[in-house]
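First the structure, which I've put down as structure tokens, then a few questions once you've had a look.
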Amino acid sequence: MCGPGCTGSGKTYLAALWPTKPARWHRVGYYYAPKLFRELQNAQADGSLLKLLKKLARAALIVIDDFGVAAVTGKQYRDLLEILDDRHGLGSRSSPVSSGR
């Protein structure tokens, strides 16, 4: 699911609200996209990328907020596609993405 919209339309509010109920029963994650990409880059540098990718794949729901706010490299796009592909391969894993662009 993608949620594009104008500034101030409530995308971040909805993205942050979405995982609150499932968090009671399932693993969920909320990520501000630029921070997620930095976390992926740091994990690559310290050798924990595989562990992080597995953690992201196992979560029942991950919300990625403000995708497209900052410039992203080709490597970062490929990492994101790998995360989404891993999640899709595991069955019913939701990954809503919000973008202001």
Side-chain angles (χ1 to χ4, degrees):
M1 175 180 169
C2 285
C6 298
T7 301
S9 63
K11 299 175 304 298
T12 296
Y13 176 77
L14 289 175
L17 184 64
W18 192 322
T20 56
K21 191 144 188 152
R24 297 178 189 160
W25 304 284
H26 302 286
R27 288 184 192 159
V28 299
Y30 171 87
Y31 295 93
Y32 175 62
K35 286 185 180 179
L36 173 62
F37 290 126
R38 281 194 302 271
E39 192 173 335
L40 290 166
Q41 190 174 18
N42 291 339
Q44 176 74 39
D46 70 14
S48 63
L49 181 62
L50 193 56
K51 183 179 177 181
L52 177 59
L53 292 175
K54 285 181 183 179
K55 174 186 163 187
L56 293 168
R58 285 192 312 260
L61 169 71
I62 60 168
V63 176
I64 302 171
D65 189 24
D66 280 343
F67 180 74
V69 170
V72 180
T73 67
K75 167 88 170 92
Q76 291 169 321
Y77 276 125
R78 288 188 297 278
D79 287 344
L80 178 62
L81 289 175
E82 182 176 349
I83 291 166
L84 296 176
D85 185 57
D86 288 349
R87 294 179 57 69
H88 178 71
L90 291 173
S92 59
R93 301 279 194 244
S94 296
S95 306
V97 177
S98 77
S99 174
R101 301 217 174 205

How close do Ala33 and Ile64 get, counting heavy atoms only, and between which atoms?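 Closest heavy-atom pair between Ala33 and Ile64: CB-CG2, 3.8 Å.
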
Drop me the distance from Leu40's CG to Lys35's NZ, to the nearest 0.5 angstrom.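 Here the rounded value is 14.5 Å.
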
List the atom of Tyr32, the atom of Val69, and the distance in Å for their closest heavy-atom pair.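 Reported closest heavy-atom pair: OH-CG1, 4.2 Å.
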
Any donor-acceptor pair under 3.5 Å linking the side chain of Arg78 with the backbone of Gly74?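 A pair under 3.5 Å: yes.
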
Option passing side chain to side chain contact (heavy atoms under 4.5 Å, CB included) with Leu36 (candidates Leu56, Leu52, Asp65):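 So the option named by the test is Leu56.
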
With heavy-atom distances below 4.5 Å as the criterion, would you say the side chains of Leu53 and Asp79 are in contact?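 No, too far: nothing below the 4.5 Å cut-off.
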
Consider side chain to side chain contact (heavy atoms under 4.5 Å, CB included). Of Asp86, Leu84, Leu80, Asp85, which one does Glu82 pass it with?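 Exactly one pass, corresponding to Asp86.
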
Leu49 to Gln44 - nearest heavy-atom pair and separation: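 Scanning both residues, the minimum pair turns out to be CD2-OE1, 2.8 Å.
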
Any donor-acceptor pair under 3.5 Å from Ser48 side chain to Lys51 backbone: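 Side chain of Ser48 to backbone of Lys51, a donor-acceptor pair under 3.5 Å: no, none is there.
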
According to the interplanar angle, ranging from 0 to 90°, do the rings of Phe67 and Phe37 count as parallel (below 30°), tilted (30 to 60°) or perpendicular (above 60°)?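 Judged by the thresholds at 30° and 60°, the geometry between Phe67 and Phe37 is tilted.
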
